[in-house]
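Position 1 is the first residue of the sequence, and the numbers go up from there. Treat the numbers as computed from the prediction; the structure is a model and nothing was measured.
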Amino acid sequence: MKTMIWRTTLLLVAAAMFLAACGPAATEAPAQPAAPAEPAAPAEPASPAEPAEPAVSVVPVNAPAGSYLARALAGEFSGTTVTMAGPFTDADAIKFEESVKRFEQQTGIKIQYSGSKEFEAEIAIRIEGGNPPDIVDFPQPGFLATFVKDGYVVDLSTFLDAADLKTRYNESWLDMATMEGPNGPVMAGVWARVNGKSLVWYPKKAFDEAGYTVPTTWDELVALSDEIVADGDAPWCIGIESGAATGWAATDWTEEFMLRTTSLENYDRWVAGELAFDSPEVRNAVQTMSDFWFKDGYVLGGRQAIATTSFGDSPKPMFENPPRCWMHKQGNFITSFFPEGLEAGVDYDFFYFPGIDPAYGDPVLVAGDIYTMFNDRPEVRATMEYFTYGDSIKDWVAAGGAISPHLDSSLDWYGDDIERGVAEIILNATSVRFDGSDLMPGAVGAGSFWKSMTDYVSGAIDLDTALKQIDESWPQ
């Protein structure tokens, strides 16, 4: 419309100029001579335009009145700097920094992030040397627990309201953030970016063409597995070989069965070394898993192939024509090991690995990053409070590579369908628990647990021996 008006105006001006050039029309009276024009006054020099104020991005957070975050959003701590360290490097570091820009712009607080691929070694030196960053991102809560026990971290419950946090976190996340300090339990951190592990991947196109239906219960999963066996194929693709880390995939499966066959309290006691591997509860979980894995025809290659097949190679037979196995349980990172050229939602998809006993609901095994506070200043408190809101990770979620654990996050934020689906599973979980082996002492979680499970699966030792070996390795 604006273009049409502009063109019309140009035509009228051009017509007027043409008539003026041709002189008056014949019917008009002769024009009177015009009076000499007054000399024009010199034009005032134009004032330089004022520079436009940069637009301030709004942080759509309704922080409680008087809270440190509310004060920060009002500009009270503008001009301060909060230092932060963690394992985010390269693209992850850039995405993190982009995700906090709105907070920095509105509050005037600068978050100075430093990422390192040698994070674990470097951060221990800084903390124990008395020079920690204000905030540290720990991808392994077990590593953090050591510093909590020694009294290095700030107890977040001293300024974060528990009832308020429960509006933004599943109770399980708060449980996992509570760790033992020198004088009792403390709230050691808040959860930020997370990953889901309780996922079953399948070749969607071939799956649909075969007439198979995605199961939603344990009984349906077993029935589907039996149906695939009856059709002459192996329902499951499983491999636990991973070089020096062989066996870690078996520990993930064990954790899944622990969450589905016993209580969260028992899971927590097991992870803490208070419930032995050679206990009825853990033995039952491993035996239930074994009955599933070792059932005739269930796994491609049978029991012997599990220990010798690479975890990254194990899902690939799903994409042969026809598939030689049909389901693979693994976290969302596994898609990077799929053959090139496959399209999510077309060539492959995933579903939730269902619960077994209704008494234990629909648990999800997770991994993720927990942010911890080491220096207590108002601007650091405000920043930590901001990290409890989904908005703190919204831009990273939209850019891809992050999943929010926050109840106030929205599935509409996700630009990636796979990550949106994983987020939905996590948000719908009745409970979540962190990867157990990552919480155990290294000699167990990344040592005897891996090795003894591998030896057991391969048939080199029996279950009794495997469980006792792991218990004997636990640091006294």
Side-chain angles (χ1 to χ4, degrees), residues 195-242 249-250 252-253 256 289 291-356 362 364-365 400 403 411 414-426 428:
N195 298 301
K197 294 194 170 193
S198 303
L199 313 172
V200 179
W201 301 87
Y202 65 98
K204 178 175 173 55
K205 187 175 181 180
F207 193 91
D208 291 345
E209 289 174 352
Y212 297 138
T213 302
V214 170
T216 59
T217 67
W218 182 255
D219 288 344
E220 289 177 0
L221 181 65
V222 172
L224 172 61
S225 300
D226 290 340
E227 181 182 358
I228 294 173
V229 170
D231 288 343
D233 293 327
W236 291 92
C237 322
I238 303 176
I240 64 172
E241 192 279 326
S242 186
D252 277 8
W253 274 86
E256 297 279 15
M289 183 188 83
D291 293 343
F292 190 75
W293 277 19
F294 304 157
K295 191 172 181 178
D296 286 345
Y298 260 44
V299 176
L300 181 64
R303 177 176 180 174
Q304 290 296 325
I306 295 175
T308 58
T309 301
S310 165
F311 79 93
D313 290 338
S314 60
K316 292 178 181 177
M318 290 195 300
F319 304 107
E320 295 182 16
N321 187 16
R324 292 195 295 130
C325 54
W326 292 82
M327 291 178 283
H328 178 77
K329 192 206 78 66
Q330 191 51 269
N332 45 296
F333 76 90
I334 196 62
T335 58
S336 62
F337 291 88
F338 288 177
E340 293 183 1
L342 299 181
E343 183 180 351
V346 177
D347 298 302
Y348 65 87
D349 210 336
F350 65 95
F351 58 85
Y352 167 66
F353 188 56
I356 296 175
D362 297 316
V364 173
L365 187 68
I403 294 172
L411 296 177
Y414 291 85
D416 181 275
D417 290 341
I418 293 293
E419 290 176 351
R420 183 185 302 109
V422 177
E424 185 172 15
I425 287 174
I426 292 174
N428 288 338

| Under a 4.5 Å cut-off applied to non-hydrogen side-chain atoms, are F350 and I425 in contact? | yes

| Sequence-distant partners of D252, salt bridge (charged side-chain N to carboxylate O under 4.0 Å, His left out), two or more places apart | K197

| Hey, what's the ring geometry for F351 with Y202, parallel, tilted or perpendicular (30° and 60° as the breaks)? | tilted

Side-chain donor-acceptor contacts of residues 299-311 below 3.5 Å, not counting sequence neighbours, with atom names and distances?
| residue | atom | partner | partner atom | Å |
| --- | --- | --- | --- | --- |
| R303 | NE | V457 | O | 2.8 |
| R303 | NH2 | Y456 | O | 2.7 |
| Q304 | NE2 | S458 | O | 3.0 |
| T308 | OG1 | A305 | O | 3.4 |
| T309 | OG1 | A305 | O | 2.7 |
| S310 | OG | G312 | N | 3.2 |

| message | Let me confirm one number: the CG-CG distance from D417 to L411, rounded to the nearest 0.5 Å. | response | 11.5 Å

| request: Sequence neighbours left out, what passes side chain to side chain contact (heavy atoms under 4.5 Å, CB included) with T217? Give chain and number order. | output: D219, E220

| said: Just to verify, what does D313 make a salt bridge (charged side-chain N to carboxylate O under 4.0 Å, His left out) with, not counting sequence neighbours? | reply: K316

Please tabulate, one pair per line, all N/O donor-acceptor pairs under 3.5 Å involving side-chain atoms of residues 225-239, not counting sequence neighbours.
| residue | atom | partner | partner atom | Å |
| --- | --- | --- | --- | --- |
| S225 | OG | L221 | O | 2.9 |
| S225 | OG | W236 | NE1 | 3.1 |
| D226 | OD1 | K295 | NZ | 3.3 |
| D226 | OD1 | Y298 | OH | 2.6 |
| D231 | OD2 | Y212 | OH | 2.6 |
| D233 | OD2 | W326 | NE1 | 3.2 |

| query | Centres of the F353 and W253 rings: under 6.0 Å? | reply | yes

| message | A side-chain contact here means heavy atoms from C-beta on lying under 4.5 Å apart; do F319 and L342 qualify? | response | yes

| query | Rounded to the nearest 0.5 Å, how far does NZ of K204 lie from CD of E209? | reply | 10.5 Å

| query | What is the ring orientation for F338 with Y348, classed by angle as parallel under 30°, tilted 30 to 60°, or perpendicular over 60°? | reply | perpendicular

| Counting heavy atoms not belonging to D296, are there more than 12 under 6.0 Å from its CG? | no

| said: For L365, is there any backbone N or O sitting under 3.5 Å from a side-chain donor or acceptor partner on S198? | reply: yes

| Say you draw a straight line from CG of D208 to OG1 of T213; how long is it, rounded to the nearest 0.5 Å? | 9.0 Å

| remark: Nearest heavy-atom approach of H328 to S314 is CE1-OG, 3.0 Å

| said: For residues 330-347, which residue pairs pass the side chain to side chain donor-acceptor pair (under 3.5 Å) check, not counting sequence neighbours? | reply: none

| message | Just verifying a value: how many Å separate N195 CG and E419 CD, rounded to the nearest 0.5 Å? | response | 8.5 Å

